[in-house]
Amino acid sequence: MTGLDPARAGDDAETGDDATAGGEAQTGDDAPAGDDAPSPVLLDARGQRCPMPVIRLGALLKDLPPGAGVLLLATDPAARTDVPAFCRMRRHDLVEVTDEGTHTAYLVRHRG
């Protein structure tokens, strides 16, 4: 594990405790103490259909520096093939894919 907790980020978004509940991207500032890796930007695309999760991921990554992470939450089954294909084509790192039951969490690292 990379020190990032996709399950916890998903729980926060589901409870509406942050701006991501409305589908907005937000930088996570609640990384565990002592974790050297910066918190990923949370991109909540749950409920959005193909191709929107990948389009939003690409748009967000354009504005981030190399090494930055994005935690994409998606419910669309097509994202299971679209996100890995997008990462291969754009040369980003797909660090982790986690099935969270109602959605899937994809941790993507911007390679620059």
Go through it in stages, so that I can follow the logic: the residues are Val108 and Leu72, the test is side-chain contact (heavy atoms from CB on, under 4.5 Å), and I'd like the CA-CA distance, side-chain angles, deciding distance and then a yes or no.
CA-CA 8 Å; Val108 177; Leu72 169 66; 5.6 Å; no
Hey, any chance Leu64 and Leu43 share a hydrophobic cluster, counting ILVMFWY side chains that come within less than 4.5 Å of each other, even indirectly?
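The answer is yes; both residues are in one hydrophobic cluster.
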Does Val97 belong to the same Ile/Leu/Val/Met/Phe/Trp/Tyr cluster as Val54, with side-chain heavy atoms less than 4.5 Å apart forming each link?
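Yes: a chain of side-chain contacts under 4.5 Å links Val97 to Val54.
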Before you tell me yes or no, could you show the steps for Leu42 and Leu73 under side-chain contact (heavy atoms from CB on, under 4.5 Å), namely the whole-Å CA-CA distance, both residues' side-chain angles and the distance that decides it to 0.1 Å?
CA-CA 8 Å; Leu42 181 60; Leu73 307 180; 3.9 Å; yes
Contacts under 3.5 angstrom, residues 75-86 side chains, donor-acceptor by atom type, not counting sequence neighbours:
from	atom 1	to	atom 2	distance (Å)
Thr75	OG1	Gly47	N	2.8
Asp76	OD1	Ala78	N	3.3
Asp76	OD2	Cys50	N	2.5
Arg80	NH2	Thr104	OG1	3.1
Thr81	OG1	Ala78	O	3.1

If you round to the nearest 0.5 Å, how far is NE2 of His110 from CG of Leu57?
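Answer rounded to 0.5 Å: 10.0 Å.
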Say you draw a straight line from CZ of Arg90 to NZ of Lys62; how long is it, rounded to the nearest 0.5 Å?
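That separation rounds to 7.0 Å.
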Provide the closest heavy-atom pair for [X] versus [Y] in the form atom of the first, atom of the second, distance.
X      : Y     : result
Leu94  : Cys87 : CB-SG, 4.1 Å
Arg109 : His92 : O-CB, 3.6 Å
Pro53  : Gln48 : CG-O, 3.8 Å

Report yes or no: does Asp93 contribute a side-chain atom to a donor-acceptor pair with the main-chain N or O of Val95 at less than 3.5 Å?
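Checked: no pair found.
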Do Val41 and Leu71 pass the side-chain contact (heavy atoms from CB on, under 4.5 Å) test, and can you show the C-alpha distance, the side-chain angles, and the key distance before you say yes or no?
CA-CA 6 Å; Val41 176; Leu71 183 61; over 6 Å; no
